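Remarks on the structure that follows.
Here the structure is a predicted model, which means the values were calculated and not measured. Because only heavy atoms are used, hydrogens play no part in the values below, and waters and symmetry mates are left out as well, while side chains stay in.
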Amino acid sequence: MNPSFLSGLNEQQLEAVTLPPRLGSGQAPQPALILAGAGSGKTRVLTTRIAWLIQTGQASPAGLLAVTFTNKAAKEMLARIAAMLPINTRGMWVGTFHGLCNRMLRAHYREAGLPQLFQILDSQDQLALIKRLMKAANVDDEKYPPRQVAWYINSHKDEGKRAADADDYDSFSRRMKELYAAYEGQCQREGVVDFAELLLRCHELLSKNEILRDHYRGRFRHILVDEFQDTNRLQYQWLRLLAGRDNAIFAVGDDDQSIYAFRGASAANMQELQKDFAVEKVIKLEQNYRSHGHILDAANALIEHNRRRLGKNLWTSASKGEPLRVYEAATDFDEAGFIVEEVKALHSEGVSLSEIALLYRSNAQSRVLEHALFNAGIAYRVYGGLRFFERQEIKHALAYLRLLASDDDGGALTRVINFPTRGIGNRSFEQLQDLARERGVSLWAAAVEKAGGGRREARGEKAAVGESEDAVKADAVDHVSRLTPHASLAKGIPAFVALIASMRAATASLPLPEIIEHVLEHSGLKQHYQSEREGADRLENLDELINAAAGFVSDEQQDDTSLTAFLAHAALEAGDNQAQAGADALQLMTVHSAKGLEFHSVFISGLEEGLFPHENSLSEADGREEERRLMYVALTRARRRLYLSFAQSRMLHGQTRYNIASSFFEEIPERLMKRVNIGLRSKVASLRSDATGLRSKVSSLKFDSQNLKPETLNFRPDFPWKIGQNVTHPKFGAGVIVDAEGRGADARVQVNFHRNGTKWLALEYAKLIPA
DNA sequence: TACCTCCACGTTTTT
DNA sequence: CGTGGAGGTA
């Protein structure tokens, strides 16, 4: 009686999905390593395995744990399970490593030595804490760059090492070790936990606490891991600890797609797993359902050049399809022009833009491409960049919320104590820090003391520790009412203390979205951005934050909708980075962020030696192999059509660089590739580049004329510049004048730059050139 | 406190 | 070329 969801699986997929318990061991599950090539149905196998285990009664939904690296993958997995089985997936332990560890630590915060409302630091917050710490300790940040300190701390944690475990063989490493130790102390005092700490703390919790360990081991008989090749040491140790001797890990991964070694991922964990769990079954999924034959042949031939592989060869029953198209461009500009033309052609053949990806090795390469696409009027979406919860205004709002939730959070206090400005400058803040350090208390406690002290001084009373917050609040509110906009510096602190205290009191019993609304209003954030010239977007984002909270509260998958849970959600899931996700648009992204995706057509641009493979990676151990895997990932994203392009010269860091073609071209058999510009290359290139230039002018004129409102076309008699006129700025590039004001020395024009948005420029200074 | 100018730096990234 | 951070000045 095979459930319907098993139909359509191939032999190997079916074997993996229905892998029986280990022979002669009762119901003890069997460990397995599934070597799943690109496009071989990896996620399907993983989710179907879960459905099968539940359906056949080998596991209950609560009795298994499935772990992924990204929230997106976790959500996808839950959605697929829900589609196969009539069960409520809420409450299932399916999530990211960090999400699951967070869950466990929340449930056992005491045993883990954490405060109940511990806050999670993202990388930004972590770096800020390190800087603050180093400044307070007077550490030379030239010799010990905060970023490097952060890297040191994180990589030690990823290895499972505390400061006490760190090496100290010379003065530098001794100092780093001290900084790590100081950081540990600071985090503990402030009740905050960074990303790596979530994992390390959880690992320590399970390894030290036998009762809990046994509890979870007894519960999770099946542990399933996605993208196993991306696990770092600590993550693997965590999995081992949870699995113990009796439970089984079902790991799915592809060593050829291991592209995160630079952040500690170790594909060697695949070999470790086989050894540690005595894996009998290594199942290879080699049938590819994604790409045409030539594309796969190219990918296989390329990856053959790597020495350290588990070994696997993808095949397809699909036809050979088209050859790979190779374009050698004269310049990066020319390359962009070629891509624009081909995208247009594909689009007119009926391929939707969202089915076309434009990939590059590094983000800096997107600019030329974006420019060309913009001028050609092709809709595109760039992945990467600032995400929603990482935006400045959102971080500020979240900092107020964190402070409401947890007094001790010094990072949150530091961020907003003077934002919006309330007269607490560096001097006052330093005094506060000194006081906190002297007394060994949190910044908040120091602020409360300072605020209280001010009142008592005025009344000739003696300061006392342990005064109730309400008294301070009542008193500080009193302060606020007397404050003038330019109150003396010391007055700022009582005002701040009163503000936080009153917000805390007023929001104590409110639902989450209303808490946020209250905070936005009363913190002064809203007013601040309202009065800021370019604050409109930020205000919109702040409103969006309320919506996000409302969505969070009403999400049925969410069992905890407290403020703290929302803050954890914000840190662990930084959100999307682009608003217009739905529109049909060409997809621009780095090769790294393309992993796991597929497209009808793929352009891999900038295939130049030094760029891809990247020169910086070549000095690292196995760097070239990792770059090759990256190229392998890029190639295998395409279903039907694949373009490879490179440019003889390219503007990079303000200099023209002359590059040769990537060595990867030599690793792909010539018969699979078709050069689309042999011989007439340079001539065609220059013509094309001319044509593209002309076309872009026409299209930008069209764009400009569409964006002009008729009523703004009133020219002033003595004004040398006209609204609607195309101009060029040495820094901002081409643009069009959309508004003007003043005359003579005060004359200013508003220019909508194609690349840099709208700016007001003083004509006296700005070197505008008519175009 | 806020703005401005100068300087250094520039691979990939999720949580 | 562009940006972001730091430091100096109004």
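The shortest distance between side-chain heavy atoms of A/Leu611 and A/Gln365 falls below 4.5 Å. Using a 4.5 Å cut-off on side-chain heavy atoms (C-beta onward), A/Phe228 and A/Val252 make no contact. The closest side-chain heavy-atom distance from A/Tyr632 to A/Asp254 is below 4.5 Å. The closest side-chain heavy-atom distance from A/Tyr360 to A/Thr590 is below 4.5 Å.
For A/Phe419 and A/His528, the ring centers sit closer than 6.0 Å to each other. Taking the ring centroids of A/Phe665 and A/Phe646, they lie under the 6.0 Å cut-off.
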Annotated protein contacts, base or backbone, on nucleotides 5-15 of chain B with a non-hydrogen cut-off under 4.0 Å, one of B, S, - each: -----BBBBBB
Give the B/S/- string for nucleotides 5-10 of chain C, one per nucleotide from 5' to 3', where a protein heavy atom under 4.0 Å of the base yields B, of only the sugar-phosphate yields S, and otherwise -. ------
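Take A/Lys75 and apply the side chain to side chain donor-acceptor pair (under 3.5 Å) test, not counting sequence neighbours, and it matches A/Glu573.
Taking atom C1' in both B/dT12 and C/dG5, the straight-line distance is 23 Å, to the nearest Å. Going from the C1' atom of B/dT11 to that of C/dA6 covers 25 Å, rounded to whole Å.
Residue A/Asn418 places at least one side-chain N or O under 4.0 Å from the OP1 or OP2 atom of B/dT1.
The CD-P distance, from A/Gln655 to C/dG2, rounds to 14 Å in whole Å.
A/His569 and A/Phe552 have tilted rings, their planes meeting at an angle from 30° to 60° on a 0 to 90° scale.
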